[in-house]
Amino acid sequence: VFSIQSFLRQLQIPLSIIHYTLKHTCDISISHTGCSYPLTLTQLVFLAFFHVTYANSTPVLVCSNAFRTFLQKHCPVVAERYCPTPWCWGGRLQTLVQAFIKSRPSVSYRNELIRTADGGQISLDWVDNGASAAYPESSTRPTVLILPGLTGNSQQPYVLHAISQATRRGYRCVVFNNRGFGGEELLTPLTFCAANTSDLERVVLHVKELFPQAPLLGAGVSLGGMLLLNYLARKGSESGLVAGITLSVAWNTVESTASLEQPINWLLFNRHLTVNLCQAVNRHRKMLEKVVDIDYVMKARSIHEFDERYTSVLFGYKSCLDYYYDASPDYKLPRTAVPILCLNAADDPFSPKHAFPLALAKHLPNVALLVTAHGGHIGFLEGIFPRGEGYMDRLIGQYIEAVFEHPGDLKRACSIKQE
């Protein structure tokens, strides 16, 4: 027995459509009072049919006319209809399923450890792509810098798929593993947060020192996207990057935390992420107990509690709210100076759609927000068996190719001065 009203709300299908259909085809009427009725197989088929019909829509692209023209010409996936996997209903299910079902393309990394000004170290995983036919000269081979999500690293499926997209086009990749999550030893009592861009600045400078003639693009996923946007806003035209792309960014950290505090989201996502964060801190207990109360941190039962007890304390914020404001990239977009494409799903449980900076993006020549009706958080699954590349992966591939192969057109479209 299902609560039909609740079930339809999760599917995000207009109740009036289902009401009319089931009444005239199954001789059943759905009440708006929230009463529960048994769903037959036939009714489920109708629900699935209308879900697919309703969900199959073209993403909304919010940007300047010039940037839109560029993207539609060189990155045509932005104008394609996105049809999510028929049996994968709603953003929560997309978010859960992608973590288990997505394939893991084979990638061989070359690891490098670089030191930081505070005595710490950062783990970088390189895919040099020395066999590139398009760019046989290493010094000028375009490079994609990938920033994983909150508890992610170079082994995440979405990272491996992004690398597959880039390397098949002849580009080099390097994954920036957040301190403490790349398998390296923590040498100083400092990890990472979405607002602190010092480690990212160190990585960008290092890559540019190695390959000063090679264009560098940043690709950030979830928290990695927040970090990338905060860095681009802080550095402006001195970022060292030619462009950026973000995927499933939480635009407003307060709103994102509130969404994850909802009971179902806490049960499905918040609790699990908090456990992973606490485990990571506990692995480096000997180093971190010098600056925070590890036992108190380990009792956190939500990301908000973890940030109150650990992140905001470690990085010197007066309160967790102060940290959340500093970590939010939404209001900082006007400070960015390179082309940025941002993909979000309207049903992302981590990033509520009412917090998307759509009105702001309309007036910025260098920012494009691409919003799908469905896709969840880092999901964007499509097809009956969505193990291989999906909508998000194809977008990454097309966008980085557009950036690297048509730099002049891109600068003109985004009103960036030609060098």
Side-chain angles (χ1 to χ4, degrees), residues 109-126 145-156 159 174-210 218 220-235 239-240 253 273-300 303-320 322-327:
Y109 289 116
R110 172 178 63 84
N111 183 257
E112 179 187 20
L113 294 176
I114 62 173
R115 299 302 291 266
T116 60
D118 69 319
Q121 63 180 356
I122 300 170
S123 174
L124 301 178
D125 284 322
W126 290 86
L145 171 61
I146 301 174
L147 290 72
L150 180 60
T151 59
N153 54 37
S154 61
Q155 300 303 320
Q156 302 303 310
V159 172
V174 56
V175 183
F176 165 32
N177 296 292
N178 290 313
R179 287 205 212 188
F181 282 84
E184 81 285 3
E185 181 184 357
L186 202 62
L187 301 182
T188 59
L190 187 69
T191 50
F192 67 95
C193 75
N196 189 312
T197 62
S198 58
D199 279 1
L200 177 53
E201 182 173 357
R202 173 72 180 92
V203 171
V204 171
L205 288 173
H206 177 70
V207 175
K208 295 302 292 183
E209 287 174 355
L210 292 176
V221 183
S222 191
L223 180 133
M226 297 171 66
L227 185 61
L228 177 61
L229 290 171
N230 285 327
Y231 170 79
L232 291 174
R234 186 158 293 158
K235 300 297 290 186
S239 68
T253 315
L273 284 172
T274 304
V275 169
N276 287 345
L277 287 169
C278 288
Q279 289 176 346
V281 168
N282 200 42
R283 282 198 300 271
H284 304 290
R285 173 184 282 266
K286 289 185 178 180
M287 180 60 67
L288 293 173
E289 65 185 2
K290 302 174 183 178
V291 291
V292 293
D293 184 344
I294 300 297
D295 291 333
Y296 184 52
V297 172
M298 294 298 294
K299 295 177 182 178
I303 293 176
H304 183 260
E305 288 186 358
F306 179 86
D307 287 334
E308 277 186 327
R309 303 174 184 195
Y310 177 79
T311 312
S312 58
V313 175
L314 187 67
F315 288 91
Y317 289 96
K318 293 181 180 180
S319 68
C320 187
D322 286 341
Y323 163 58
Y324 282 171
Y325 179 77
D326 198 24

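Quick caveat, the model's predicted, so the values are computed rather than measured. Quick note: numbers below take in every heavy atom, side chains included, and nothing from hydrogens, waters or symmetry partners.
Taking the side chain as every heavy atom from C-beta outward, D322 and D326 never approach each other to under 4.5 Å. Residues R179 and H284 fail the side-chain proximity criterion, which asks for heavy atoms closer than 4.5 Å. Counting only heavy atoms from C-beta outward, the side chains of P148 and V175 approach each other to under 4.5 Å. Side-chain contact between N282 and M298 is present, with at least one heavy-atom pair separated by less than 4.5 Å. Taking 4.5 Å as the limit, some side-chain heavy atom of M226 sits within range of a side-chain heavy atom of T253. No side-chain heavy atom of Y296 sits less than 4.5 Å from a side-chain heavy atom of V313. Annotation: side chain of V159 is not in contact with side chain of V221 (no heavy-atom distance under 4.5 Å).
Between the side chains of N111 and S123, a donor-acceptor pair is found at a separation under 3.5 Å. Side-chain atoms of T116 and R202 form no donor-acceptor pair, as typed in the model, at a separation below 3.5 Å. No donor-acceptor contact under 3.5 angstrom links the side chains of D307 and Y323, judged on distance only.
Rounding to the nearest 0.5 angstrom, the gap separating the CD1 atom in I114 from the CG atom in L124 is 4.5 Å. Between atom OH of residue Y325 and atom OG of residue S319 there is a gap of 13.0 Å, rounded to the nearest 0.5 Å. Between the CG atom in L113 and the CG atom in N177 there is a gap of 9.5 Å [rounded to 0.5 Å]. Separating the CZ atom in R283 from the CG atom in L288 is a distance of 11.0 Å, to the nearest 0.5 Å. The CD atom of E184 lies 8.5 Å from the CD1 atom of I122; values are rounded to the nearest 0.5 Å. Q121 CD to L187 CG: the interatomic distance, rounded to the nearest 0.5 Å, is 4.0 Å.
Salt bridge annotation for D295-R309: absent, with no cationic side-chain nitrogen under 4.0 angstrom from a carboxylate oxygen.
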Criterion side chain to side chain contact (heavy atoms under 4.5 Å, CB included) on L145 and L200, from CA distance to verdict: CA-CA 10 Å; L145 171 61; L200 177 53; 3.9 Å; yes

E201/R234 under side chain to side chain contact (heavy atoms under 4.5 Å, CB included): CA gap, chis, key distance, verdict: CA-CA 10 Å; E201 182 173 357; R234 186 158 293 158; over 6 Å; no

Candidate pair V207 and V203, rule side chain to side chain contact (heavy atoms under 4.5 Å, CB included), full reasoning: CA-CA 6 Å; V207 175; V203 171; 4.3 Å; yes

Side chain to side chain contact (heavy atoms under 4.5 Å, CB included) between T191 and N178, worked out: CA-CA 7 Å; T191 50; N178 290 313; over 6 Å; no

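Test L227, D125, N153 against F176 for side chain to side chain contact (heavy atoms under 4.5 Å, CB included) and you get one pass: L227.
The aromatic rings of F181 and F192 sit perpendicular to each other, their planes meeting at more than 60°, with 30° as the lower class boundary.
For the residue pair Y109 and Q155, the shortest heavy atom distance occurs at CE1-NE2, 3.5 Å. Minimum heavy-atom separation, T188 to G120: CG2-N, 3.6 Å. Of all non-hydrogen atoms in L228 and G220, the two that sit nearest each other are CD2-N, 3.8 Å. The two residues G180 and L186 make their nearest non-hydrogen contact at N-CD1, 4.2 Å.
In this structure, the side chain of N230 engages the main chain of A327 through a donor-acceptor pair within 3.5 Å. Listed for the Y310 side chain is no donor-acceptor partner under 3.5 Å among the backbone atoms of A300.
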